[in-house]
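Convention: sequence-line order gives letters A, B, ...; per-chain numbering from 1. Computed from a prediction, not measured in an experiment: that's the story for all the values here.
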Amino acid sequence: MLLDPGFRLEIYRRMVRIRLFEEAIIAHHPVGHLSIGQEGAIVGACMALNEDDYVTGTHRSHGHPIGKGADLRPLMAEIFGKRTGICKGLGGSMHLTDTSKGLICESAIVGGGFPLATGAGLSAQVRGSGQVSMCFFGDGATNQGTFSESVNMAAIWKLPVIYFCENNGYAVTTPVSRSHGQPDIARRADGFGIPGVTVDGQDVEAVLAVTREAVSRARAGEGPTLIEARTYRFDEHSNRLAIPIKYREEEEIRFYRETRDPITLYRVVLAEAGLGDDLASVDAEVREAIKDCVAFAKDSPEPEMSDLWDNMYSNPIHLPGKPRP
Amino acid sequence: MLLDPGFRLEIYRRMVRIRLFEEAIIAHHPVGHLSIGQEGAIVGACMALNEDDYVTGTHRSHGHPIGKGADLRPLMAEIFGKRTGICKGLGGSMHLTDTSKGLICESAIVGGGFPLATGAGLSAQVRGSGQVSMCFFGDGATNQGTFSESVNMAAIWKLPVIYFCENNGYAVTTPVSRSHGQPDIARRADGFGIPGVTVDGQDVEAVLAVTREAVSRARAGEGPTLIEARTYRFDEHSNRLAIPIKYREEEEIRFYRETRDPITLYRVVLAEAGLGDDLASVDAEVREAIKDCVAFAKDSPEPEMSDLWDNMYSNPIHLPGKPRP
Amino acid sequence: MNEIRNDTQRLSYLQAIIEAQREEMRRDPNVILMGEDIAVYGAQSLFEEFDASRLRNTPISENSFVGVGIGAALTGLRPIVDLTIASFCYLASDQLLNQAAKLRFMTGGQLRVPFVMRTSTFYNNRTAAQHADRPYPLFINTPGVKVIAPSCASDMKGLLKSAIRDDDPVVVFEDINLWGKKEEVPTDPDFLIPIGEAAIRRSGKDVTIVAFGGTVSHALAAAEALAVDGIEAEVIDLRTIAPMDRDAILTSVAKTGRLVIADNSHNVGSVASEIAAVVVEEGFESLRRPILRVTAPQVHIPYNGTLEKQLFVSKDRIVEAVRMLV
Amino acid sequence: MNEIRNDTQRLSYLQAIIEAQREEMRRDPNVILMGEDIAVYGAQSLFEEFDASRLRNTPISENSFVGVGIGAALTGLRPIVDLTIASFCYLASDQLLNQAAKLRFMTGGQLRVPFVMRTSTFYNNRTAAQHADRPYPLFINTPGVKVIAPSCASDMKGLLKSAIRDDDPVVVFEDINLWGKKEEVPTDPDFLIPIGEAAIRRSGKDVTIVAFGGTVSHALAAAEALAVDGIEAEVIDLRTIAPMDRDAILTSVAKTGRLVIADNSHNVGSVASEIAAVVVEEGFESLRRPILRVTAPQVHIPYNGTLEKQLFVSKDRIVEAVRMLV
Ligand SMILES: Cc1ncc(C[n+]2csc(CCOP(=O)(O)OP(=O)(O)O)c2C)c(N)n1
Ligand SMILES: Cc1ncc(C[n+]2csc(CCOP(=O)(O)OP(=O)(O)O)c2C)c(N)n1
Ligand SMILES: [Mg+2]
Ligand SMILES: [Mg+2]
């Protein structure tokens with residue numbers, strides 16, 4: 001695969017945006033589930049998509065919109081619960097859904113995105129729009145019944161859906177080895193008659209390559225693909241949940257942080273490709289953008305009680321508890 | 001496999017009991033979903049079990065208790081909705097659950113039995129009782145999320161469960177080819193790391209053999225097995241549902257009825273084994289038993305309103321609508 | 001039961017469902033129909049007219065095919081999902097209540113969810129407790145979902161068409177005890193009945209009877225029987241369960257001072273309970289007597305048909321309740 | 001809040017849950033605990049004492065692991081399933097309502113279902129609408145399930161122990177806003193509080209306030225504030241939501257003639273609605289004023305914490321409601 005240098009820098013830029021966005025969360029408003037360590041999987045998958053392709057994500061929701069190219073200001077304002085947030089402060093950290101970039105749901109119900117992504121694929125097929133639907137989910141989510149149900153439906157109807165597993169090895173404290181009858185998630189694809197591929201999620205271009213193949217199959221009407229990207233979460237499950245037990249070794253965490261960081265690894269690749277000088281300017285640019293979005297979020301107003309009512313239905317309905325006009 | 005002649009005749013007897021029981025339903029009280037054509041799969045599976053092993057079944061519920069050796073009188077009385085029915089006339093045709101034979105549920109919610117059977121396996125394991133749990137279900141049911149969820153749990157915990165698919169090719173009018181990403185149901189097992197085997201469901205001894213193997217694995221602590229028995233339903237989906245479309249060929253039905261009837265096929269086997277003379281006496285005996293159970297059902301009283309209240313809770317509770325004593 | 005427009009056509013309740021779907025599928029290519037064995041449940045004639053791509057026989061995967069419909073609704077289609085039997089609603093309730101009901105709100109209004117889920121209550125049909133639920137209350141506590149329960153063919157047509165054109169998720173409760181009932185139904189392809197408005201089926205000054213779906217005909221029969229004795233009942237057909245037309249109920253009770261509610265849900269936590277709560281909260285001053293709920297008792301539905309049919313709302317049970325009040 | 005037996009121990013609400021489970025696991029080897037990451041949700045100390053075979057970390061498969069618990073209950077175990085967050089109840093509602101609730105009945109009493117499902121309401125926690133449900137009404141319309149919602153540590157211990165020993169399915173609603181609250185809790189391993197009985201937390205003659213779970217402390221605070229002005233409120237802690245102690249409520253209202261219900265459910269189809277319906281049906285003669293429901297409004301729970309906390313029951317909202325009645 002010969003990638004254009006500008007495109008490669010955009011890959012790099014989006015990974016750094018996710019990383020610094022979340023470091024800013026840690027510094028300024030520590031809520032939620034971070035994607036730090038998983039940027040290669042996310043960005044590799046998103047860069048294989050067109051802007052109008054659909055995406056569903058998870059409780060670990062910050063990476064997907066950024067990977068898909070969303071503006072940072074409304075995302076950070078959402079983290080802060082502000083009215084200028086992408087969801088007006090109503091959705092929050094687990095739900096950074098930017099529909100202008102094709103996102104239709106970041107589901108905090110684990111497994112909730114499978115049917116929705118599948119439905120988006122059905123919609124694209126019925127309308128003949130040529131769009132594909134990218135469904136992000138974790139290793140833990142594959143044990144939810146909606147996974148099998150949805151993959152099967154996409155298989156029957158040859159829907160243009162890519163089921164993309166960010167396998168970070170754990171669901172909260174539960175390792176894949178103790179929650180899956182066998183640990184190769186991609187192997188589940190065969191039972192539904194679709195291809196399943198495993199890829200190194202820390203190698204962003206490898207992820208891009210397998211995803212592009214899945215996207216072409218989907219656009220060609222050949223149906224869904226299951227991609228399992230092996231990755232790792234560098235931080236705790238969530239900033240907000242105290243974990244009283246030790247379920248993974250310090251050694252393991254150090255190994256990933258020090259030798260398998262997708263950004264560090266990609267810097268080496270780009271440097272070898274002669275793009276080393278550009279990295280620093282991308283870094284600086286992203287740092288500025290982060291500063292800007294944090295300031296924007298801090299300065300923004302909170303939503304008002306009337307916003308709750310205004311976002312409930314497509315038509316005005318007088319419901320119990322709604323202040324009479 | 002060398003089977004004792006008495007055991008073989010018992011296999012035959014149970015198949016004939018299912019067949020004649022359901023023919024009596026057609027003649028006397030036409031309700032429900034019949035297992036005619038599927039007796040080989042059901043009885044082959046049940047004969048691999050001990051009396052205290054657990055069984056869960058489906059809306060097509062008549063075969064499982066008979067296969068497991070249940071008395072016919074309470075079953076037929078249940079069909080007639082009588083108080084002497086196995087479920088006191090409260091459960092009915094889709095729910096012939098005889099707990100004295102290890103049955104714990106005949107679920108009319110398609111897929112509802114998977115977790116229950118898995119739980120019975122967990123119970124046997126925790127209590128160290130040595131029992132196994134046999135989960136019957138249809139081809140259509142495998143698309144329910146509970147199938148994958150439950151099989152996976154049984155796989156992780158190596159539970160003594162046998163997942164036994166009566167694949168009769170259709171879910172109501174929907175053929176397997178249009179509802180399954182790929183049609184080999186047994187192939188789904190591999191995704192969960194358990195063995196999956198396919199067997200000719202019209203060959204009762206073949207079914208018995210594969211089930212015995214699965215039962216030994218289960219009792220030995222080696223975990224669950226998925227068995228797919230290829231079978232065929234000779235009658236309509238249900239006596240009570242008008243099917244306005246043609247979804248299977250007359251030719252196909254005739255082929256199965258005429259050449260793949262599990263009872264006819266087994267008669268040939270037994271005759272070849274020199275048991276031909278015994279068949280007629282088994283037939284006569286079963287015919288008598290059926291006559292007897294129909295008469296019993298007809299003569300039995302209906303349940304009373306108080307029976308509804310008496311079967312709700314383990315302790316007396318005064319609930320809205322309950323007549324004050 | 002609605003005023004007859006220019007042209008009408010004699011349709012059963014089930015035919016009205018099919019015609020409403022046919023007309024909306026003609027009108028808007030984004031309307032699709034999904035469900036298990038949909039041809040069996042009435043849609044076979046649609047297969048003759050529409051592209052198979054818009055008629056999807058689904059595998060048995062309730063939570064997911066409802067969710068697939070919702071996902072399609074988020075992305076340009078207007079899906080109708082037929083969930084056949086209402087006892088299967090629990091399986092699909094997560095996608096309905098955690099996704100469809102919440103997504104517009106949770107995205108700050110970025111998304112709309114033009115999604116219809118049809119489901120039919122199969123009571124009085126000797127199919128026992130796992131097929132006979134009337135889970136009307138399941139979808140009313142969580143806001144964000146509209147719920148309708150039409151009582152006759154013309155209402156079904158007009159309300160279902162409104163549901164299909166609505167940009168919010170709508171659950172449609174059909175009643176199989178009504179499927180065969182025929183009446184004159186407007187043929188105007190723009191015949192719509194607004195969601196959220198009750199109908200006064202009969203005027204009266206002595207007592208208000210609120211009913212919906214399968215209980216409306218019993219309420220009307222009860223009113224006729226009571227009229228013989230000079231008791232004039234006002235019969236309100238709720239038509240929409242959520243959002244509820246509280247004004248129609250309160251206005252009627254302000255006139256009659258007495259209220260009986262006929263609802264085939266189990267008693268506890270029923271739609272009837274909600275109506276009673278609204279009236280004792282907002283209409284207390286006009287209440288002259290207790291509010292009586294005529295519902296299914298708090299016991300499961302048995303297979304035995306003789307017992308089963310005694311559990312549901314009937315003309316006699318409504319008459320008896322009214323007589324306790326007047 | 002219960003009368004103190006011989007020995008007590010200071011425990012938080014969450015610790016009371018753990019101790020109740022520990023004692024019952026000691027008492028009966030058939031009691032097991034299942035759920036996702038159960039060690040994280042408080043059970044880690046149980047791992048030190050009990051065999052791993054009785055402590056099952058489940059995959060993320062709510063409908064099935066609840067059903068696995070039910071299947072185990074049918075066959076000799078007494079499982080406790082921890083469903084962690086109440087917003088996930090919809091996913092598991094089919095096994096709960098179509099199987100656990102119905103199987104004793106549908107088998108004519110052949111089976112018993114000694115099954116406990118714990119779940120906690122995560123509101124006021126800035127986790128937004130997909131984590132903040134208070135779906136108390138979900139399990140009350142279908143008969144066959146008992147539902148408890150303890151308001152304090154000792155009640156939690158006594159009721160949860162009763163639930164574990166009960167032969168019917170019991171849903172236990174925990175309230176995370178109470179998890180940290182400590183009080184003296186009896187250490188007697190046979191300390192049990194009967195399911196189905198409400199408690200009068202404070203006597204009064206002017207108004208009845210019915211509350212449960214997280215709203216009880218607000219009701220008591222409201223009563224204290226009202227007492228300053230000479231208004232004596234009777235506070236009833238429902239403790240069990242189903243079957244409901246209707247006699248306790250009706251007796252109190254017979255005395256006070258006024259009723260306010262504090263329930264964090266959304267308003268429509270709430271537990272409060274059911275209580276209001278019962279009282280206007282059976283206690284109408286004693287009612288002097290409208291029944292007011294203090295509930296969450298019919299709007300989703302936002303992420304923004306400032307707005308979120310205004311949606312739930314508070315002392316001030318209860319005081320305001322009472323003042324409208326007296
Ligand atoms: C239906 C449901 N069950 C449980 C949870 C609680 N929960 C939140 S995240 C999580 C683990 C998810 O694991 P995985 O899918 O691997 O995603 P990861 O967190 O590793 O990104 C769990 C159990 C939930 N949010 N939704
Ligand atoms: C949850 C649920 N969905 C749908 C139905 C309606 N239904 C009853 S039987 C059936 C087909 C089941 O097919 P299969 O599992 O192959 O069993 P078979 O009837 O062929 O024995 C369907 C869809 C149901 N009872 N439960
Ligand atoms: Mg994970
Ligand atoms: Mg089948």
Max heavy-atom pairs within cutoff under 4.5 Å with chain C, candidates D:Gln298, D:Gln99, D:Gln95, goes to D:Gln298
How long is the span from the CZ atom in C:Phe105 to the OH atom in D:Tyr303, to the nearest 0.5 Å? 13.5 Å
Taking the side chain as everything from C-beta on, heavy atoms only, tell me whether D:Lys102 gets closer than 4.5 Å to C:Asp133. yes
Under a 4.5 Å heavy-atom cutoff, which of C:Ala277, C:Ala276, C:Pro143 has the most pairs with chain D? C:Pro143
Donor-acceptor under 3.5 Å (C:Ser93 side chain, D:Tyr90 main chain): yes
Between the CZ atom in D:Arg134 and the OG1 atom in C:Thr142, the distance rounded to the nearest 0.5 Å is 8.5 Å
Could you check which of C:Gly269, C:Ser87, C:Ser270 has the highest count of heavy-atom pairs closer than 4.5 Å to chain D? C:Gly269
Would you say C:Glu281's side chain and D:Arg293's backbone share a donor-acceptor pair under 3.5 angstrom? yes
Go through the atoms of D:Leu91 and report whether side chain, backbone, both or neither lie under 4.5 Å from a heavy atom of chain C. both
Contact class of D:Arg288 relative to chain C, heavy atoms under 4.5 angstrom: backbone
Counting only heavy atoms closer than 4.5 Å, note whether C:Val271 contacts chain D via side chain, backbone, both or neither. neither
Heavy-atom cut-off 4.5 Å, strictly under: side chain, backbone, both or neither for D:Glu62 against chain C? neither
Hey, which of C:Arg289, C:His266, C:His300, C:Glu274 has the most heavy atom pairs under 4.5 Å with chain D? C:His300
At a 4.5 Å cut-off on heavy atoms, which part of C:Leu259 comes close to chain D: side chain, backbone, both, or neither? neither
Less than 4.5 Å to any heavy atom of chain C: does that hold for the side chain of D:Asn63, its backbone, both, or neither? side chain
Where does D:Asn267 contact chain C at under 4.5 Å (heavy atoms): side chain, backbone, both or neither? both
If you count heavy-atom pairs within less than 4.5 Å of chain D, which of C:Ile261, C:Ile291, C:Leu96 leads? C:Ile291
Should D:Val279 and C:Val280 be marked as a side-chain contact (heavy atoms from CB on, under 4.5 Å) after you check the CA-CA gap, both sets of side-chain angles, and the distance that decides it? CA-CA 9 Å; D:Val279 173; C:Val280 69; over 6 Å; no
Specify which of D:Val268, D:Leu138, D:Val299 makes the most heavy-atom pairs with chain C at under 4.5 Å. D:Val268
Contact class of D:Ile140 relative to chain C, heavy atoms under 4.5 angstrom: both
Please check this pair: side chain of D:Asn141 against backbone of C:Pro135, looking for a donor-acceptor N/O pair closer than 3.5 Å. no
Of the backbone (N, CA, C, O) and the side chain (C-beta and beyond), which part of D:Ile275 lies under 4.5 Å from a heavy atom of chain C, both, or neither? neither
Count the heavy-atom pairs under 4.5 Å between each of D:Ala242, D:Gly144, D:Ala101 and chain C, then report the option with the highest count. D:Ala101
Between D:Met106 and C:Pro302, is any pair of side-chain heavy atoms under 4.5 Å apart? no
